[in-house]
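Only this structure's heavy atoms are used, side chains among them; waters, hydrogens and symmetry mates stay out. A note on names: the letters A, B, ... follow the listed sequences, proteins ahead of strands, and every chain is numbered from 1.
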Number of protein chains: 2
Amino acid sequence: MQARAATLTDVAKEAGVSLATASRALNGSDRVVRAELHARVIEAANRLGYTPNAQAQSMARGSTDLVGLMVNDIADPYFSTIAAGLAAAAEQQGLLVMLCSTGGQPEQELELLAALRRQRGRAIVLAGSRIDDREHLRELSDQMEPFIAAGGRVAAISEPKLSVDTVVVDNKSAARDLAVRIGELGYRRPAILTGPEKLLVSRNRRDGFVEGWSGEEPIVVADEFSRDGGFNAMQRLADSGAEVDCVFAINDLMAMGAMAACRDRGLDVPGDLAVAGFDDISTLRDVTPALTTVRLPLTEMGRMALEMVLGEPAAKPRRRKVRGEIIVRESTPPR
Amino acid sequence: MQARAATLTDVAKEAGVSLATASRALNGSDRVVRAELHARVIEAANRLGYTPNAQAQSMARGSTDLVGLMVNDIADPYFSTIAAGLAAAAEQQGLLVMLCSTGGQPEQELELLAALRRQRGRAIVLAGSRIDDREHLRELSDQMEPFIAAGGRVAAISEPKLSVDTVVVDNKSAARDLAVRIGELGYRRPAILTGPEKLLVSRNRRDGFVEGWSGEEPIVVADEFSRDGGFNAMQRLADSGAEVDCVFAINDLMAMGAMAACRDRGLDVPGDLAVAGFDDISTLRDVTPALTTVRLPLTEMGRMALEMVLGEPAAKPRRRKVRGEIIVRESTPPR
DNA sequence: CTGAAAGCGCTAACAT
DNA sequence: ATGTTAGCGCTTTCAG
């Protein structure tokens with residue numbers, strides 16, 4: 001058992017050719033190697049179980065086959081779906097994806113961005129809501145700037161808070177449309193279950209809904225941006241005794257939590273209370289009552305982000321808007 | 001704008017010290033650098049926006065900070081949860097995760113394994129059911145063998161078909177237990193909705209259930225290992241006119257599909273038909289009726305795999321068994 | 001068409 | 001404590 005992997009030099013020696021020839025035969029772009037030698041090299045490589053060392057190749061070539069992907073939480077279906085889209089696209093291009101899950105913690109995000117930078121990936125995609133924290137945004141930019149100056153590319157899938165190419169979800173207008181639709185369905189007193197104030201998604205989806213709502217100002221209850229957050233928020237809402245006929249949860253996970261809370265209290269959805277979510281998580285498309293929500297082309301968004309970040313660099317950061325599609329289902333029947 | 005990233009040499013020059021000193025100050029393990037110089041180097045590095053080139057470091061050091069993770073489909077909550085566990089563990093150790101999503105295609109799996117090998121990661125974790133295809137298993141082994149011989153580590157999360165350390169889910173016995181439990185609840189004629197025959201999970205979960213079942217042999221309907229597969233299988237089962245009082249879907253996604261199919265046909269779950277799944281996907285814990293299933297510690301499994309693959313290499317491949325916990329919920333009430 | 005040799009950015013002996 | 005220098009494995013001129 002050899003304690004180290006076979007190198008090109010080993011292969012060259014084994015095949016009785018020069019390093020250069022071996023390189024050309026195995027990984028070279030131009031096929032300027034005589035067929036016979038070529039075969040000999042290939043054979044030697046197989047015999048030795050040789051695999052090129054990508055690190056060394058990157059160094060020599062000055063470019064890698066890596067792209068970084070940073071998400072808040074890969075276990076969240078929102079992000080895993082985006083990741084799937086991006087991974088599929090990357091694989092088509094022969095690129096490898098380095099995955100970082102930040103847990104939504106700003107320090108983590110910075111640290112992982114640094115790790116990604118170190119790898120000298122071709123590009124980095126930042127998926128996930130921006131936190132509206134001036135200081136943090138500046139630190140992020142400080143990291144990205146030298147990376148970009150050195151030819152690295154960065155794109156985001158989020159609110160357009162960073163000055164990089166970004167796939168922006170038009171949260172606000174989609175939420176606005178949803179509000180209008182809810183109104184048309186005959187609801188009169190909606191409540192909004194939102195996430196932390198500092199998350200831009202939370203704010204935009206909430207604000208959009210409020211904007212689109214023409215009746216009296218909706219009640220707003222904030223909690224975590226998760227299933228449990230939805231559950232708790234719903235409980236507090238119910239405890240408050242507020243009279244509402246409909247609840248808009250800022251995302252599907254919160255909506256699920258809210259529905260669970262309703263069940264616990266014997267509130268019938270949609271009989272006693274209608275519920276709407278946002279994202280249209282595919283795993284949740286079969287829940288009952290079927291959830292009214294805003295469909296986002298998550299897989300597509302991952303693909304788009306990779307496309308942007310790999311395509312021709314633009315002088316100014318580009319924004320590719322993604323529109324949400326309102327999907328009305330049983331959880332908000334006309335009343 | 002410089003077209004290349006700042007190098008250690010640049011930093012050394014800027015700080016007026018030698019390459020070695022700069023290296024020691026910035027990335028060296030021992031702090032043998034005078035405070036004043038140290039500061040000067042750090043400062044120069046900041047000024048230049050320097051970040052070490054991980055590739056170069058790996059080459060020089062002879063080891064990387066990368067681990068590879070291969071999953072069937074990162075959009076599948078089963079895998080994304082495992083990935084989350086593994087990613088969290090990796091991050092604690094300062095390791096970066098390279099993610100590959102194979103789409104369950106054997107050729108893809110081979111190709112991505114090669115890509116991972118090339119990166120010279122410290123370790124590779126293969127998550128996902130093994131396909132019982134002799135040829136394919138051999139090709140996988142052929143790839144892994146030189147990687148392992150050269151000091152690489154490999155672990156799997158699956159059926160113990162590969163001779164590497166593996167976190168094995170005791171699918172068979174868990175399914176067996178589930179069958180017993182279903183029987184105790186008073187069901188008499190179960191059907192099994194299973195996945196493709198060549199997937200080991202499918203077979204084991206099915207076989208386990210059959211083994212545990214003491215009444216007459218359950219009907220088995222096979223389809224894809226997905227929500228749609230469950231939907232289709234359920235339809236075919238219903239079409240067949242078979243009289244069953246309970247359906248065991250080989251995983252939660254299929255169970256959801258089956259429940260959707262029931263709904264389409266006006267079959268009440270669990271009134272007309274009870275349904276059980278497998279995995280206990282967290283996103284689905286709030287569905288109604290709440291799904292009876294087998295809980296797997298998915299996050300933990302990801303962590304365990306990384307632990308094994310990073311720990312002391314064993315002479316023989318180790319197996320760390322993970323037991324599933326039967327969770328009876330409303331979808332299979334006593335009858 | 002093939003080989004020799006100069007790097008790529010960094011670490012780690014080995015000197016001083 | 002700091003500097004010099006020889007690689008790490010590969011690609012890519014530059015010669016032949």
S.K.: Under the rule for side-chain contact (heavy atoms from CB on, under 4.5 Å), what residues qualify as partners of B:Glu43, not counting sequence neighbours?
M.R.: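 Partners of B:Glu43 under the side-chain contact (heavy atoms from CB on, under 4.5 Å) test: B:Arg47.
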S.K.: Would you list the pairs meeting salt bridge (Lys or Arg N to Asp or Glu O under 4.0 Å) in which at least one residue belongs to residues 51-70 of chain A, sequence neighbours left out?
M.R.: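 Listed once each, the pairs are A:Asp65-A:Arg122.
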S.K.: I need the CD-C1' distance between A:Glu14 and D:dG9, as an integer number of Å.
M.R.: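 It works out to 18 Å between those atoms.
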S.K.: Please, which pairs that meet salt bridge (Lys or Arg N to Asp or Glu O under 4.0 Å) have at least one residue in residues 87-111 of chain A, sequence neighbours excluded?
M.R.: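 Matches after skipping sequence neighbours: A:Glu109-A:Arg130.
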S.K.: If I take atom CG in residue A:Leu26 and atom C1' in nucleotide D:dG9, what distance separates them, rounded to the nearest angstrom?
M.R.: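 It is 13 Å, rounded to the nearest whole Å.
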S.K.: In B/S/- notation, 5' to 3', how is nucleotides 4-11 of chain C contacted by protein heavy atoms closer than 4.0 Å?
M.R.: B--BBBBB
S.K.: From NE2 of B:His38 over to P of D:dG3, roughly how many Å is that when rounded to an integer?
M.R.: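 About 15 Å, once rounded to whole Å.
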S.K.: Applying side-chain contact (heavy atoms from CB on, under 4.5 Å), name anything that partners A:Gln93, two or more places apart in sequence or on another chain.
M.R.: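 A:Gln93 satisfies side-chain contact (heavy atoms from CB on, under 4.5 Å) with A:Leu95, A:Leu310 only.
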S.K.: Taking side-chain contact (heavy atoms from CB on, under 4.5 Å) as the definition, give me every residue that meets it alongside A:Ala20, ordered by chain and number, with sequence neighbours left out.
M.R.: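 A:Ser18, A:Arg24.
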